[in-house]
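Here's the structure, in structure tokens; my notes come after.
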Amino acid sequence: MTIKFPSVDFFQELARRMEADAAEFEKLGFCDTTLGIQVNGDAPHLYALTFEVFDCTDVRELSSPDDAELDFTLAAPLSLWREMFESIKKTGHPEPAFTLNSLSHVGDQMAVVYDDPEGHDKFYRFMATIQAFVDQASDLDIEWA
Amino acid sequence: MSYYGSTDYSYNSDFNLRIRDIKKGNLDFGWLDNARDTVEIRRRDPRRGLMLEDVEVGDYAVENAPEVVRENRGLAPRGAILAEGSDQPDLGPSLNKKSDVWGYRVQRYWEEAMSRQWNASTDVPWQDMDKYEIPEDLEYAFCQLCTLLSEVEMIATDLPSKWSHHMNSHFQEVKAFIATQCIDEARHAEVFRKRALANGVGLLRASVRGEHALKGILEADSYSEGSVFLHVLGEGFILTLFRSSEFISPTPVEQRMFQLVMQDEARHVSYGLQHLKYLMDNCPEVRPQINGFLDEAERHLTGLFNPDQLESMIVLGGKGTSPKCIKRGVEVVGAFQGKQIQEYFHRAERAGLPERKERSPLLELQERMIAGIQAANAG
Ligand SMILES: [Fe+2]
Ligand SMILES: [Fe+2]
């Protein structure tokens, strides 16, 4: 089965996998944040992912960032999201240059957009959970938009 | 022994008679005198178990406690009954006002800290280290970085430990949260020490400048000053340094280590920000004092930008010691430092101190660094 990126289905599949792999995510601990994933390109998309306790409890596509209270948004062009997920596919974990922290730390390839520094700091407080969440895409057959 | 109590219970005849009577089965149930009404406890989210916030009810809730705690100077937990006319010892807490220590949402940070603990022995994939060959110059640079980070972690353990027993026991949640900080920081010192030694190079040069900066944290005159220096200023900078270190890590093993330490660090920063905000909201008269303190603390902090650390980061950032690598390393490290300063100003503004941006000596430092990088690039 192939799954399209970007799409609500894609993130819902990651949420389903997160629930199925409860042991890993319970070990990482409580994760409480609503974050945005923005995919820039000809047809830009913005998704709100809500994490509560050990699960991703809600995935929505937004027409505007004001439609949800986002702690922070990770914004990157489609080509970069693709490179990141293709890197994760190789071994189940990203190569060093493709961790979420590395991609978003230097330069402007992946921006971390935020209003409130406390919301921004949640990216770091829950880094291991958010990284493990995206790493679950390693064996997905992705159809790129 | 430095404390001899006012009563020697082992020779107190009333006490001994009473114990003998109890052993005969004559209970007087005095401990039920003045007991409070029972309370109704509701688990708001069963997935989280029973949270501290769930038991914040009635006389037990910090919201219902007075801003200044006068009646309890011992170890009685908030809500316990103090016997009338009792001779409770005075443990001499100096932090008896809620705004001295409290931070918004501190109970949540405690729960998060307890749930997100990790183990430096088993949660870093040490077994993978053999898979990677790290060039010698990078390994030495990484061990120098670990040396400075170990020093930083020592002070981050000592500052909360130093202040905990000065806090009135009414503020149990804050005492508990800073106890989690102590264990987090002890684990950070552990993981950096282990990593420095893991490939055999070991620890390199301790930092004179850095340690002077860290001494400034420990010597703060009040808990709030120590907290704003450690949690908001120092750990804010260290959080960015951890992000940078993840970025320039030689292998995924070190990257994992930094992903884990940054989570703890960001939680400490968040508590510090919420304490500063609570203080500014509830005790605005201390603003000049905090600003005056930060004027000096920010000067101190520049000690963390010491040459040994800077050089090691440049070697790691540029991935080598050739002139080309060093040039690249200078650029990468310059970008980190600008970010550290900007993120600190954002946090200060959020906590209610927007004036830091105008009065901070860090701005001049940043300008000097930018000029240095431009000169290096031109050369
Ligand atoms: Fe730390
Ligand atoms: Fe810390």
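Here is how names work: the chains are called A, B, and so on, in the same order as the sequence lines, proteins then strands, and each is numbered from 1. Because only heavy atoms are used, hydrogens play no part in the values below, and waters and symmetry mates are left out as well, while side chains stay in.
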For [X], I'd like to know if atom [atom1] has over 12 heavy atoms of other residues, nucleotides or ligands within 6.0 Å.
{"X": "A:Asp115", "atom1": "CG", "result": "no"}
{"X": "B:Gln127", "atom1": "CD", "result": "yes"}
{"X": "A:Glu61", "atom1": "CD", "result": "yes"}
{"X": "A:Arg17", "atom1": "CZ", "result": "yes"}
{"X": "B:Arg108", "atom1": "CZ", "result": "no"}
{"X": "A:Asp139", "atom1": "CG", "result": "yes"}
{"X": "B:Gln117", "atom1": "CD", "result": "yes"}

[options]: which one forms the most heavy-atom pairs within less than 4.5 Å of chain B?
{"options": "A:Leu103, A:Val53, A:Asn101", "value": "A:Asn101"}
{"options": "A:Ala97, A:Pro117, A:Cys31, A:Pro94", "value": "A:Pro117"}
{"options": "A:Met127, A:His93, A:His120, A:Glu52", "value": "A:Met127"}
{"options": "A:Asp55, A:Thr129, A:Asp121", "value": "A:Asp121"}

- [ ] Output the distance between atom CG (A:Asp32) and atom CG (B:Asp45), rounded to the nearest 0.5 Å.
- [x] 8.5 Å
TODO: Any chance you could measure B:Gln259, atom CD, to A:Thr99, atom OG1, to the nearest 0.5 Å?
DONE: 6.0 Å
Task: Residues that A:Phe54 engages under ring-ring contact (aromatic ring centres under 6.0 Å, His included), provided they are two or more places apart - done: A:Phe30
Polar side-chain atom of [X] near backbone of [Y] as donor-acceptor pair, under 3.5 Å:
{"X": "B:Arg116", "Y": "A:Leu28", "value": "yes"}
{"X": "B:Gln255", "Y": "A:Pro96", "value": "yes"}
{"X": "B:Lys339", "Y": "A:His105", "value": "yes"}

TODO: Sort A:Lys27 into side chain, backbone, both or neither according to what part of it lies under 4.5 angstrom from a heavy atom of chain B.
DONE: both
Task: Residue part contacting chain B, namely of A:Tyr114, when any heavy atom lies under 4.5 Å - done: side chain
Open item on the list: Counting heavy-atom pairs closer than 4.5 Å to chain A, which one of B:Arg256, B:Glu343, B:Arg48, B:Arg267 comes out on top?
Closed with: B:Arg48
TODO: Identify which of B:Ile248, B:Asp264, B:Leu239 forms the greatest number of heavy-atom pairs closer than 4.5 Å to chain A.
DONE: B:Leu239
Is it the backbone or the side chain of [X] that comes under 4.5 Å from a heavy atom of chain A, or both, or neither?
{"X": "B:Thr240", "answer": "both"}
{"X": "B:Glu265", "answer": "neither"}
{"X": "B:Phe345", "answer": "neither"}

Open item on the list: Please give me the minimum heavy-atom distance between B:Gln263 and A:Ala128, naming the atom from each residue.
Closed with: OE1-N, 2.9 Å
- [ ] Verify the distance criterion only: is there a donor paired with an acceptor across the side chains of B:Arg243 and A:Ser102 at less than 3.5 Å?
- [x] no
Task: SB check A:Glu118 B:Arg350 (cutoff 4.0 Å) - done: no
- [ ] For the pair A:Glu26 and B:Arg47, find out whether any cationic side-chain nitrogen is under 4.0 Å from an anionic carboxylate oxygen.
- [x] no
